[in-house]
Student: 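I'd like to ask you about the structure that follows.
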Amino acid sequence: MLNRNDICWCGSGKKYKKCHMDFDKNLEKYEKQGFEIPERRLLLNEEDIEGLRKSSVITKGILEGVADLIKPGVTTNEIDKFVHDYTIERGGTPATLGYHGFPKSCCTSINEVICHGIPEDRPLKEGDIINVDVTTILDGYFSDASRMYLVGQVSERAKDLVQCAKDCLQIGLDQVKPYGSISDIGLAIEAYATSKGYTVVRDFGGHGIGKNFHEDPHVSHFDTGQKGMLMVPGMVFTIEPMINEGTYKLNILEDDWTAVTRDGKLSAQWEHTLVVTEEGYEILV
Ligand code: MF3
Ligand code: CO
Ligand code: CO
């Protein structure tokens with residue numbers, strides 16, 4: 001417990017009473033209401049956010065560059081090489097390379113692949129939908145985002161799913177505000193996806209991020225029935241809904257990574273990394 005005249009815990013050098021004292025009192029109120037309160041280490045300062053913005057520039061540049069690469073005949077290994085070289089040339093490191101043994105610099109998830117597809121020599125073909133998920137580390141800061149890409153002419157049915165997943169990400173973002181509950185994100189996404197006749201993947205979610213790849217909180221994209229963690233300015237996390245055409249259930253392939261829909265139907269995902277601000281949120285990438 002800090003006294004009023006002690007130096008604040010946040011590293012500002014200011015007295016506690018002139019810095020985070022009111023903030024901490026405010027949080028106690030929410031704790032009494034049953035919210036989970038984020039640990040202080042999860043509240044990043046302006047210097048950290050600036051580091052994340054720089055990392056995010058690389059991730060964004062990659063996702064834009066990938067758009068120009070996507071066409072029938074291109075292999076996911078070629079996409080991976082672009083991601084790898086782009087990152088290294090700018091002084092970054094691809095976070096997935098060697099992450100718990102993951103062998104490549106991005107995830108490439110085609111059609112019925114939900115997430116964590118491993119780049120390989122398989123060429124894209126007309127009508128495919130593909131998610132490319134990129135995480136960059138720059139100066140110790142992690143930025144994580146993904147998009148869907150359409151390969152040539154794609155069926156209306158696939159386009160509709162891709163659009164729904166994109167809308168779900170926006171609907172999740174719409175729930176982000178300081179002193180709201182992180183559970184509202186999943187509630188809103190599930191309600192929307194279900195209204196469109198789709199399902200929401202339950203086995204993977206968004207996550208806190210910043211100085212680590214995967215951090216608290218876990219960000220569910222469906223209703224868990226929990227009050228959830230309080231969203232507080234300075235919290236950085238991803239929202240990355242995976243929306244399925246058929247069942248939400250999945251299988252993991254023999255490679256121990258690739259998650260596929262159990263019924264072989266399509267899946268789509270979009271991801272942003274954001275920071276909660278006093279006003280709402282800022283998309284980092
Ligand atoms: N980028 C993914 C995410 O959004 C994580 C990929 S981990 C990997 O959280 F090892 F599969 F690459
Ligand atoms: Co993520
Ligand atoms: Co990601």
Side-chain angles (χ1 to χ4, degrees), residues 42 44 52 55-66 76-77 79-84 86-87 92-110 113-120 130-138 141-149 162 165-166 168-169 172-173 176 182 185-186 189 200-222 229 235-243 250-260 267-276 281 283-285:
L42 298 176
L44 302 191
L52 283 165
S55 172
S56 296
V57 169
I58 299 178
T59 302
K60 186 162 190 233
I62 292 170
L63 293 178
E64 285 167 1
V66 166
T76 44
N77 265 339
I79 295 170
D80 184 69
K81 182 172 171 18
F82 169 75
V83 174
H84 180 268
Y86 189 105
T87 307
T93 309
T96 60
L97 191 58
Y99 179 75
H100 294 286
F102 191 85
K104 299 282 173 164
S105 297
C106 62
C107 299
T108 49
S109 302
I110 303 171
V113 179
I114 295 170
C115 63
H116 303 165
I118 305 174
E120 55 180 335
I130 176 173
N131 172 281
V132 179
D133 191 339
V134 174
T135 311
T136 305
I137 317 171
L138 183 70
Y141 294 107
F142 290 72
S143 58
D144 184 10
S146 79
R147 294 184 191 175
M148 295 299 297
Y149 303 89
V162 166
K166 190 175 188 183
C168 282
L169 173 53
L173 288 168
V176 178
I182 207 136
I185 296 169
I189 290 174
V200 179
V201 170
R202 303 172 78 89
D203 295 18
F204 300 104
H207 49 93
I209 186 167
K211 296 178 192 175
N212 295 304
F213 196 166
H214 293 104
E215 256 298 357
D216 285 341
H218 175 75
V219 181
S220 171
H221 302 117
F222 63 95
M229 191 181 278
M235 270 173 80
V236 178
F237 57 85
T238 73
I239 305 179
E240 47 182 300
M242 286 144 272
I243 306 300
L250 56 81
N251 288 329
I252 305 290
L253 299 187
E254 286 283 292
D255 60 22
D256 281 342
W257 282 106
T258 311
V260 298
S267 183
Q269 176 181 32
W270 295 74
E271 174 176 26
H272 278 314
T273 294
L274 63 95
V275 56
V276 181
Y281 64 87
I283 292 176
L284 295 168
V285 62

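Just so you know, ligand 1 is whichever comes first in the structure, and atom 1 is the first atom listed for that ligand. Everything numeric here is computed off the predicted structure, so don't read it as measured data. The analysis underlying the following values was restricted to heavy atoms, covering all of them including side chains, and did not include hydrogens, waters or symmetry mates. Starting from 1, each residue takes its place in the sequence as its number.
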Student: Considering just N/O/S atoms, say which atom of D144 is closest to the Co ion (ligand 2).
Tutor: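 Looking only at N, O and S atoms of D144, the one nearest the Co ion (ligand 2) is named OD2.
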Student: Considering only the protein, which heavy-atom contact is closest to atom 3 (C) of ligand 1, and what is its distance?
Tutor: D144 OD2, 3.3 Å
Student: Quick check on the 6.0 Å ring-centre criterion: do Y281 and H272 meet it?
Tutor: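 No, the ring centres sit 6.0 Å or more apart.
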Student: Please state whether the rings of F204 and H116 are parallel, tilted or perpendicular, taking 30° and 60° as the class boundaries.
Tutor: perpendicular
Student: Closest to the Co ion (ligand 3), which N/O/S atom of D133 is it?
Tutor: OD1
Student: Please work out whether any backbone atom (N, CA, C, O) or any side-chain heavy atom from C-beta onward of H100 is under 4.0 Å from ligand 1, and answer side chain, backbone, both or neither.
Tutor: neither
Student: I need the NE2(H207)-the Co ion (ligand 2)-OE2(E271) angle, rounded to 10 degrees.
Tutor: 130°
Student: Any N/O of Y99 closer than 3.5 Å to an N/O of ligand 1?
Tutor: no
Student: Among F102, F142, F213, F204, which residue places a heavy atom closest to atom 8 (C) of ligand 1?
Tutor: F102
Student: For atom 4 (O) of ligand 1, what's the nearest protein heavy-atom neighbour? Residue, atom name and distance, please.
Tutor: E240 OE1, 2.8 Å
Student: Keeping the roles fixed (side chain from N131, backbone from A268), state whether a donor-acceptor pair exists under 3.5 Å.
Tutor: no
Student: Would you say E271 and ligand 1 have an N/O pair spaced under 3.5 Å apart?
Tutor: yes
